[in-house]
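Heads up: the structure comes next, in structure tokens.
Counting from 1, the numbers follow the sequence of the chain as shown. Atoms within each ligand, like the ligands themselves, are counted from 1 in listed order.
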Amino acid sequence: MKAIIPAAGLGSRFYPVAKSVPKEMLPVGGKPAIQLIVEEALAAGAGEVIIVTSPQKPSIMQYFTPDPAWRARVEGKAEAVRALDELDRVSKSVRFVFQHEQLGLGHAVLQAAPACAGEKEPVLVLLGDALVKSDAPCARGLVEVSRAFGNASVVGLERVPPERVSRYGIAGGTPVRENLLRLDRLVEKPPPDAAPSDLAVAGRYVLDPRVFACLSACAAGHGGEIQLTDAIQRMLEGGAPVYGCRYPGTRFDIGNPDGYREVVLAYR
Ligand code: G1P
């Protein structure tokens, strides 16, 4: 299974730090946030993790590129060698593609399409600015639901207060069992009175590879950007089953300084 981590955003809420340290590289419990997300993807069974990044954020690539010179520098320092070994093990599964223009989340995911060509299995998408703290890795739970429903698409959901629905992709559907819906509609950032529910798309997706064709066919949507939500809605319209699963655990939005402060406290 392939996993995609979109991490090409400019991180403007972290300026000026983001000029040299991308938000995904900010430390959380001793590792950059994005390493925790790569580890979540691997724990879910991903064999390859494709990070979509931008040439303006070279430190993410540098971090995941094994380099013997770094090992030589810490010769004899057991803890540093162990940390490097662990990172190098993870890095073997990581590759990179660039998003050269910031045209939206859907456009970022589409940049990974050539790297996923010929995939029959669903692909995992884990947003690079969302960390999920949970006893069982979040993505693994969603992959299990996908398998149980014949490799269907599954979108991770969380309940949000009505006044915040316009900040998220919002799902409508029919309950299948506790915490699981069969979706019939997804809308990106609807006004509260047009939202199909209070269930928000929350940073983790297991997607039928047909999503790439749907993304290619999507025009700019909300905010003038190519939206992943619109491509999933297109899959629904084409008759592909999509489930929505409220996952256990807490999602942290590390894309802004307040969210980052919370995550640092939670992962102490
Ligand atoms: C993105 C998605 C949105 C989703 C949100 C949180 O929005 O477009 O559907 O609800 O992430 O996972 P963004 O936060 O990038 O504006």
Side-chain angles (χ1 to χ4, degrees), residues 3-14 18 22-24 33-34 36-37 40-41 52-54 99 101-112 124-134 138-139 141-142 153-173 181 183 185-192 194-207 211 214-215 218-236 242-247 249-260 262-263:
I4 302 169
I5 304 180
L10 300 174
S12 55
R13 282 174 290 183
F14 279 101
K23 61 186 175 183
E24 296 86 357
I34 194 166
L36 300 180
I37 301 175
E40 183 188 334
V52 183
T53 186
S54 124
Q99 183 192 27
E101 287 176 289
Q102 268 52 57
L103 299 180
L105 174 60
H107 180 261
V109 171
L110 189 55
Q111 305 316 299
L124 243 177
V125 176
L126 307 95
L127 300 196
D129 55 9
L131 279 182
V132 183
K133 191 161 195 271
S134 169
C138 170
L142 299 182
S153 300
V154 182
V155 174
L157 298 177
E158 84 184 26
R159 219 176 264 295
V160 294
E163 67 276 11
R164 296 181 67 202
V165 292
S166 52
R167 295 192 197 177
Y168 293 95
I170 300 292
L181 297 178
L183 301 190
R185 214 174 139 210
L186 266 189
V187 196
E188 183 68 10
K189 303 192 171 82
S197 75
D198 58 355
L199 291 169
V201 176
R204 297 292 183 269
Y205 312 73
V206 181
L207 296 175
V211 72
C214 293
L215 277 169
C218 276
H222 184 89
E225 298 189 332
I226 309 277
Q227 297 291 351
L228 184 55
T229 300
D230 294 347
I232 303 170
Q233 169 67 20
R234 212 171 241 275
M235 285 208 289
L236 279 168
V242 181
Y243 292 84
C245 178
R246 279 182 70 195
Y247 55 69
T250 311
R251 180 182 61 93
F252 295 94
D253 178 3
I254 57 158
N256 64 79
D258 287 341
Y260 176 60
E262 278 175 35
V263 83

Set of ring-ring contact (aromatic ring centres under 6.0 Å, His included) partners for Tyr260, sequence neighbours left out:
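For Tyr260 there are no ring-ring contact (aromatic ring centres under 6.0 Å, His included) partners, ignoring immediate neighbours.
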Might you work through the side-chain contact (heavy atoms from CB on, under 4.5 Å) test for Glu24 and Ile37, ending with a clear yes or no?
CA-CA 9 Å; Glu24 296 86 357; Ile37 301 175; over 6 Å; no
Quick one: closest heavy-atom pair of [X] and [Y], and the distance?
X      : Y      : result
Leu207 : Met235 : CD2-CE, 4.3 Å
Ala41  : Leu126 : CB-CD1, 3.8 Å
Leu183 : Gly244 : CG-N, 3.7 Å

Count the heavy atoms belonging to other residues, nucleotides or ligands that lie under 6.0 Å from CD of Gln102, then report whether that count exceeds 12.
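Count over threshold, so yes.
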What does the 4.0 Å heavy-atom contact list look like for ligand 1?
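Protein residues near ligand 1 are Leu105, Leu127, Tyr168, Gly169, Glu188, Lys189, Val201, Ala202, Gly203, Gln227, Thr229.
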